[in-house]
Number of protein chains: 2
Amino acid sequence: MDDLDKYIEKRIQKNPGFAKCFDQGYEQFKIGAMLKQARLDAGLTQEQVAEKLHTKKSAISRIENHAEDIRLSTLESFAAAVGKNLRLEVA
Amino acid sequence: MDDLDKYIEKRIQKNPGFAKCFDQGYEQFKIGAMLKQARLDAGLTQEQVAEKLHTKKSAISRIENHAEDIRLSTLESFAAAVGKNLRLEVA
DNA sequence: GACAAAGTTCACGTATACGTTAACATTATC
DNA sequence: GATAATGTTAACGTATACGTGAACTTTGTC
C-alpha cells in the first residue's frame, strides 16, 4: 500500500463522509492517469491527440486530470488515438 | 466467424458507408450483450438490478439493448450490481 | 387462453460529458 | 530571462446519457 492509500485511510477514519465522494474521484483519477500514461508512452502531446480526436487540447487535459466521468466511446477513441486497444472485462 | 459477422462483411462490400456506422453500434451491442449475460449469470431480473442502481427496469433494458453509449461510472455500478468487477486495460 | 412476471419501447425532462475559446501556468530551449 | 511549446483551468453552449412513467410485447405458469 502506497502513501496515497495510507492518506486516504486516515481521512476516512477521521471523516466517514469523505469516503464515498473520494471513491468516485479516485476511480476517475486512475483512469485519467492511465490515459495520460498511454499518451506519453506513445510519445504524443495533448495537442496531437486532440487533432486525432477532432477536438482541442483543453479537452484532453480535462480528461487526463479533472474529468468526473467519461463515455465508453470517448475512452475507446482516446485509446485508439494513442495506438492502443481498450480491453474490457466483466469478471 | 458466425453468421452475424458474415452478414456484416457482405453489407460492407455492397455499401462501404455502412461500415463505420455499424462499427460503433456493434461495439455497443457487444457491451449490452456482455452486461445482460453478467446479469443472467447472477440470476437477477432487470427489475432487481434496477433497484440496486436506484433506477427503473426500462433503463436497464435500454442499456442492454439500445444504448448508443454508456458512461464509465454506469458500467462500473452495473457490474457491481450483478456482483462482478469491471476490469479495464489500455494495451 | 387467462393471468402474472419479465422485458421492451417511446416520449419527455434533467444531469452531465464534451466542444470551444480565452487567459494563465508550466516546462523546455536558447 | 526571453521565447516558444506544452499543459491547465474556467466559462459557456451543445449533444447526449440517464431518470421516469406509460403502454405494449414476450415469456412462463396454471
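By convention in this document, chain letters (A, B, ...) are assigned in the order of the sequence lines, proteins followed by strands, and residues within each chain are numbered from 1.
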task: Round to the nearest Å and state the distance from Leu35(A) atom CG to dC18(C) atom C1'.
output: 15 Å
field: Distance, nearest 0.5 Å, that separates CD of Gln37(B) from CD of Glu64(B)
entry: 10.0 Å
query: For the side chain of His66(B), counting heavy atoms from C-beta on, which of dT9(C), dT8(C), dT9(D) is nearest?
result: dT9(C)
Point-to-point distance, once rounded to the nearest 0.5 Å, from CD1 of Ile63(B) to CD1 of Ile60(B): 5.0 Å
- request: Would you mind reading off the distance between Ile60(A) atom CD1 and dA5(D) atom C1', rounded to a whole angstrom?
  value: 17 Å
message: Within the 4.0 Å heavy-atom criterion, would you say Thr45(B) contacts the bases, only the backbone, or no part of the nucleic acid?
response: sugar-phosphate
- prompt: Rounding to a whole Å, what distance do you find between Lys52(A):NZ and dG19(C):C1'?
  reply: 20 Å
field: Rounded interatomic separation in angstrom, taking CD from Glu51(B) and C1' from dA5(C)
entry: 14 Å
message: Suppose we call a contact any N or O donor and acceptor under 3.5 Å apart; does that hold for the side chain of Arg62(A) and the base of dG7(D)?
response: no
task: For Thr74(B), answer base if it contacts any base atom (sugar-phosphate contacts may also be present), sugar-phosphate if it contacts only those atoms, and nothing otherwise; contact means non-hydrogen atoms under 4.0 Å.
output: sugar-phosphate
field: Phosphate OP1/OP2 of dA6(C): any Arg39(B) side-chain N/O under 4.0 Å
entry: no
field: Separation of atom CG in Asn65(B) from atom P in dT25(D), rounded to whole Å
entry: 17 Å
- prompt: Roughly how many Å is it from CD1 in Ile63(A) to P in dT9(D), rounded to a whole number?
  reply: 14 Å
query: Considering all heavy atoms of both residues, which atom of Ala81(A) and which atom of Leu53(A) are nearest to each other, and what is their separation?
result: CB-CD2, 3.7 Å
- request: Mark yes when over 12 heavy atoms from residues, nucleotides or ligands other than Lys52(B) sit less than 6.0 Å from its NZ; otherwise mark no.
  value: no
message: Whole angstroms only, please: what is the CD-P distance between Glu76(B) and dC18(D)?
response: 12 Å
query: Taking atom P of dT16(D) as reference, at what distance in whole Å does atom CG of Asp69(A) sit?
result: 17 Å
message: Rounding to 10°, can you tell me the angle the first-five-pair axis of the helix from dG1(C)-dC30(D) to dC30(C)-dG1(D) makes with its last-five-pair axis?
response: 60°
- prompt: Starting at the 5' end of DNA chain C and moving along, which residue's nearest nucleotide shows up first, Lys57(B) or Arg71(B)?
  reply: Lys57(B)
field: Glu76(B) side, atom CD; Ile31(A) side, atom CD1 - distance, nearest 0.5 Å
entry: 7.0 Å
message: Rounded at 0.5 Å granularity, tell me how far CG in Leu72(B) sits from OG1 in Thr74(A).
response: 10.5 Å
message: Once rounded to the nearest 0.5 Å, what's the spacing between atom OG of Ser77(A) and atom CZ of Arg71(A)?
response: 10.0 Å
message: What's Thr55(B) touching, base or sugar-phosphate or nothing? Going by heavy atoms closer than 4.0 Å.
response: sugar-phosphate
message: For dG21(D), does the base pair up with any side-chain atom of Ser58(B) as donor and acceptor (N or O, under 3.5 Å, distance only)?
response: yes
